[in-house]
Number of protein chains: 4
Amino acid sequence: MSERTTRKRRINGEESRRRILDAAAEIAGERGYDGTTIAAVSDRCGLPASSIYWHFADKDELIAAVIERSFGSWLSAMELPGAATGGVSERLTAMAVGIAKALLESPDFLRLGLMLTLEHRPTEPSARTMFLQVRHQTREKVVEVCHELAPQLSAAAVEQLATYAIAGADGLFIAKEIGGDSVDLVALFELHAQVLVRLLAAELLA
Amino acid sequence: MSERTTRKRRINGEESRRRILDAAAEIAGERGYDGTTIAAVSDRCGLPASSIYWHFADKDELIAAVIERSFGSWLSAMELPGAATGGVSERLTAMAVGIAKALLESPDFLRLGLMLTLEHRPTEPSARTMFLQVRHQTREKVVEVCHELAPQLSAAAVEQLATYAIAGADGLFIAKEIGGDSVDLVALFELHAQVLVRLLAAELLA
Amino acid sequence: MSERTTRKRRINGEESRRRILDAAAEIAGERGYDGTTIAAVSDRCGLPASSIYWHFADKDELIAAVIERSFGSWLSAMELPGAATGGVSERLTAMAVGIAKALLESPDFLRLGLMLTLEHRPTEPSARTMFLQVRHQTREKVVEVCHELAPQLSAAAVEQLATYAIAGADGLFIAKEIGGDSVDLVALFELHAQVLVRLLAAELLA
Amino acid sequence: MSERTTRKRRINGEESRRRILDAAAEIAGERGYDGTTIAAVSDRCGLPASSIYWHFADKDELIAAVIERSFGSWLSAMELPGAATGGVSERLTAMAVGIAKALLESPDFLRLGLMLTLEHRPTEPSARTMFLQVRHQTREKVVEVCHELAPQLSAAAVEQLATYAIAGADGLFIAKEIGGDSVDLVALFELHAQVLVRLLAAELLA
DNA sequence: AATGAATGAGGATTCATTCAT
DNA sequence: AATGAATGAATCCTCATTCAT
């Protein structure tokens with residue numbers, strides 16, 4: 001019994017933390033850093049503002065935690081198609097479709113991240129740093145894949161290709177955010193994959 | 001006397017309005033909608049907050065005016081290369097380079113615009129609407145040019161191409177924002193132009 | 001008319017500032033730095049908290065202004081007996097009585113100052129600095145008077161005497177704060193003056 | 001087993017209590033009543049805030065306990081020179097030096113006490129009452145010693161002398177707090193003792 | 001004996017905005 | 001055309017305290 005109750009207390013703490021993060025993720029994904037007020041998070045998660053401060057030192061740490069956690073779920077939403085087989089074209093297309101679907105399912109992560117990225121405030125929020133870190137990791141992965149798929153490319157060319165690949169993804173995400181249902185994100189990502197396939201083969205890169 | 005003071009006042013008034021817009025543009029470009037406080041604008045332009053309210057009805061109208069004006073200067077920064085001659089490739093490349101240079105010169109317009117775009121707040125700021133409008137106009141221009149350069153393409157294909165073209169521009173802008181000096185925006189826009197040239201010719205589009 | 005109204009506005013601003021300072025002085029004199037909340041000041045002066053921030057940058061600046069102003073009125077409460085004539089004993093006694101009466105009339109200044117003095121917080125409030133400054137000035141005056149009254153004393157002896165003279169005043173003020181009506185502050189200051197007279201003459205000093 | 005754990009727990013309990021008091025004493029000595037937050041005490045002693053409430057009913061009781069305990073150590077720091085022999089001058093000087101040294105060793109007691117003394121809050125903290133009580137006891141001792149050393153003095157004169165003696169001590173303590181190393185507290189207490197010797201003999205007192 | 005979690009009240013400060021002049 | 005002054009609502013965060021375990 002004591003074991004169970006102990007666990008229950010602990011779980012309640014973790015459960016509260018989760019509820020706070022859920023609420024904060026929703027709000028931050030919609031409204032950005034400044035728009036995410038502690039009062040709004042408190043309202044949405046049902047816990048008083050002071051309880052939020054038991055779980056997180058301050059708003060900055062809360063939003064950084066949101067980024068960290070949502071990057072995790074974003075990653076796992078994307079992992080599956082990594083094992084795709086076939087030629088370069090098929091594999092890249094499968095990856096692109098995977099990314100597009102992950103973006104459609106949980107767009108908050110990237111939306112918040114891009115908002116943080118675009119901001120330049122005097123004291124950079126640690127959430128921004130956090131996002132740039134995970135973005136950097138992602139980029140390293142992309143570079144790796146590019147190098148694997150096109151070993152003949154120079155390091156500079158691979159870097160340029162990776163930048164172009166990610167930029168396309170960012171831009172298409174924004175297009176979807178603006179265009180809504182009139183934009184077929186999956187089709188656009190497939191197109192982007194085809195473009196990248198051509199770039200891997202052709203000699204357009206620096 | 002009254003004439004002279006009136007004229008002088010009017011001139012001073014326009015000068016004040018300009019100073020306010022300058023300050024607001026800088027701050028909004030750096031910090032977004034929420035981060036742009038009237039107090040901060042007041043500090044940077046040297047006029048008291050109440051004077052800002054003489055020129056603009058409220059914060060919303062101020063930021064909308066910022067968007068409107070900076071779209072103008074953005075357009076004029078971009079107009080020149082429109083008269084480029086040569087083949088499709090040369091013309092598109094010239095346009096791309098022109099856009100890239102305009103982005104490097106005055107990035108605040110697009111940065112603020114994208115921030116506004118990504119936000120979803122209950123009462124949409126008119127600045128956001130304003131940005132989406134000018135963005136829509138721009139998009140119409142792009143569609144027009146595409147249609148002119150590749151008359152054989154279907155309307156749907158042209159739409160997709162335009163979306164992809166603009167998405168690339170947005171994404172590369174973000175890449176530059178993150179990467180700073182390590183990113184050669186002009187080269188990337190040239191690459192993007194080459195990609196678009198291929199897309200205009202090939203049959204990759206929907 | 002315009003002149004009058006303009007002045008009136010200005011006067012209203014200064015009047016508000018004065019009301020805020022009055023309220024803050026009362027409260028700070030009673031409750032010290034931490035105990036002086038903006039809300040309490042707001043309540044007592046009738047202006048909303050946000051108006052206090054129009055007149056003072058922050059709580060720290062407000063309390064520093066309290067110290068500065070109350071030092072002024074404290075000085076003027078004390079100035080008169082400076083012109084006393086007679087022998088050393090008479091003059092010192094007149095000064096002591098003057099100080100005692102000033103302390104009885106406006107004890108808040110010294111009470112708040114001593115509270116600030118005794119505190120050691122990580123970031124020293126500027127009110128504390130302000131108090132120590134005016135205290136230092138006062139001390140210089142005391143040294144000067146001692147030197148004038150007993151030119152034969154060494155610099156070190158004068159310093160010691162000044163310290164002892166001020167310490168007596170501080171201590172007697174505290175005795176009065178504790179003892180209330182059962183303590184005759186004027187009589188004690190007269191006694192202190194007599195002690196100082198003896199010390200000026202005798203050879204007890206270092 | 002139960003006996004052992006009980007004893008161990010009790011010991012740990014006292015150890016915890018001691019750690020809490022140590023932390024609270026340090027902080028209260030530095031920051032006063034308001035500045036002593038439970039969170040700060042918790043941080044410095046390493047125990048969670050809720051544990052502090054197991055040992056003390058509330059903050060008031062905690063600080064009262066701090067006063068009580070530090071008065072004890074203060075007394076014991078002062079006891080030794082009580083047995084001094086010799087004439088009145090020698091005995092008083094020995095006492096004064098003892099007090100001065102005790103103040104130098106553990107100044108927190110008097111600093112906190114004086115802070116509490118100077119404050120006037122609506123609900124007087126019991127720590128303040130506690131300090132005034134022990135101070136009163138001390139004063140009784142002083143009156144006793146004065147009476148013993150100068151039996152010829154009237155009760156009123158002895159009272160005045162005691163007040164003056166204690167006031168000197170308080171004031172010199174404050175001088176030391178402000179002046180730091182530039183103030184020789186022992187020398188000043190010796191001077192004060194000499195003054196008191198003269199006062200015991202002369203006819204300056206009321 | 002101890003503690004993780006929670007909580008309402010209140011802390012300082014900033015916000016967009018208004019208004020009299 | 002401009003501004004000093006004011007203001008209520010909201011901001012982030014800390015407070016002393018409680019409670020279930």
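Below, chains carry the letters A, B, ... as their sequence lines are ordered, and counting in each starts from 1.
Atom P of nucleotide E/dC15 and atom CG of B/Asp60 are separated by 17 Å, given to the nearest angstrom. Here the C1' atom of nucleotide F/dC12 and the OH atom of A/Tyr33 are 10 Å apart, to the nearest Å. The distance between atom CD1 of B/Ile38 and atom C1' of F/dA10, rounded to the nearest whole Å, is 16 Å. If you take CD1 of C/Ile27 and C1' of E/dG11, they are 14 Å apart, rounded to a whole angstrom. The NZ-C1' distance, from A/Lys59 to E/dT14, rounds to 13 Å in whole Å. Distance, D/Asp58 CG to F/dC15 P: 17 Å, rounded to whole Å. Computed from coordinates, the C/Phe56 CZ to F/dG4 P distance equals 17 Å when rounded to whole Å. Rounded to an integer number of Å, the gap from C/Tyr53 OH to E/dA16 C1' is 18 Å.
When each of B/Trp54 and A/Ala57 is assigned the nucleotide of DNA chain F bearing its nearest heavy atom, the one mapping closer to the 5' terminus is B/Trp54. Residue whose closest nucleotide on DNA chain E sits further toward the 5' end, between D/Arg17 and C/Ala39: D/Arg17. Place C/Ala49 and A/Ile20 on DNA chain E by their nearest nucleotides, and A/Ile20 ends up nearer the 5' end.
Base pairing analysis places E/dA20 opposite F/dT3; the two distances defining the Watson-Crick or G-U wobble pair are each below 3.5 Å. When both distances must be under 3.5 Å, the Watson-Crick or G-U wobble mate of F/dC15 is E/dG8.
When all heavy atoms of B/Lys59 and B/Tyr53 are compared, the pair lying nearest together is N-OH, 4.4 Å. Residue C/Ser16 comes nearest to C/His55 through the heavy atom pair CB-NE2, 3.7 Å, listed as atom of the first residue, atom of the second, then distance.
Checked by atom type and distance alone, the side chain of A/Ser51 never pairs as donor or acceptor with a backbone atom of A/Leu47 at under 3.5 Å.
Ring-centre distance between D/Phe109 and D/Phe131: below the 6.0 Å cut-off.
Contact annotation for A/Ser42: no contact, since no heavy-atom pair falls under 4.0 Å across all strands.
Between B/Ser16 and F/dA2 there is a side-chain N or O to OP1 or OP2 distance below 4.0 Å. In this structure, B/Ser50 does not reach the F/dG4 phosphate: none of its side-chain N or O atoms is under 4.0 Å from OP1 or OP2. Phosphate contact (OP1/OP2 of F/dG4, side-chain N/O of C/His55, threshold under 4.0 Å): absent.
The shortest distance between side-chain heavy atoms of A/Arg128 and A/His120 falls below 4.5 Å.
Applying the 3.5 Å distance criterion, the base of E/dG11 shares no donor-acceptor pair with the side chain of C/Thr37.
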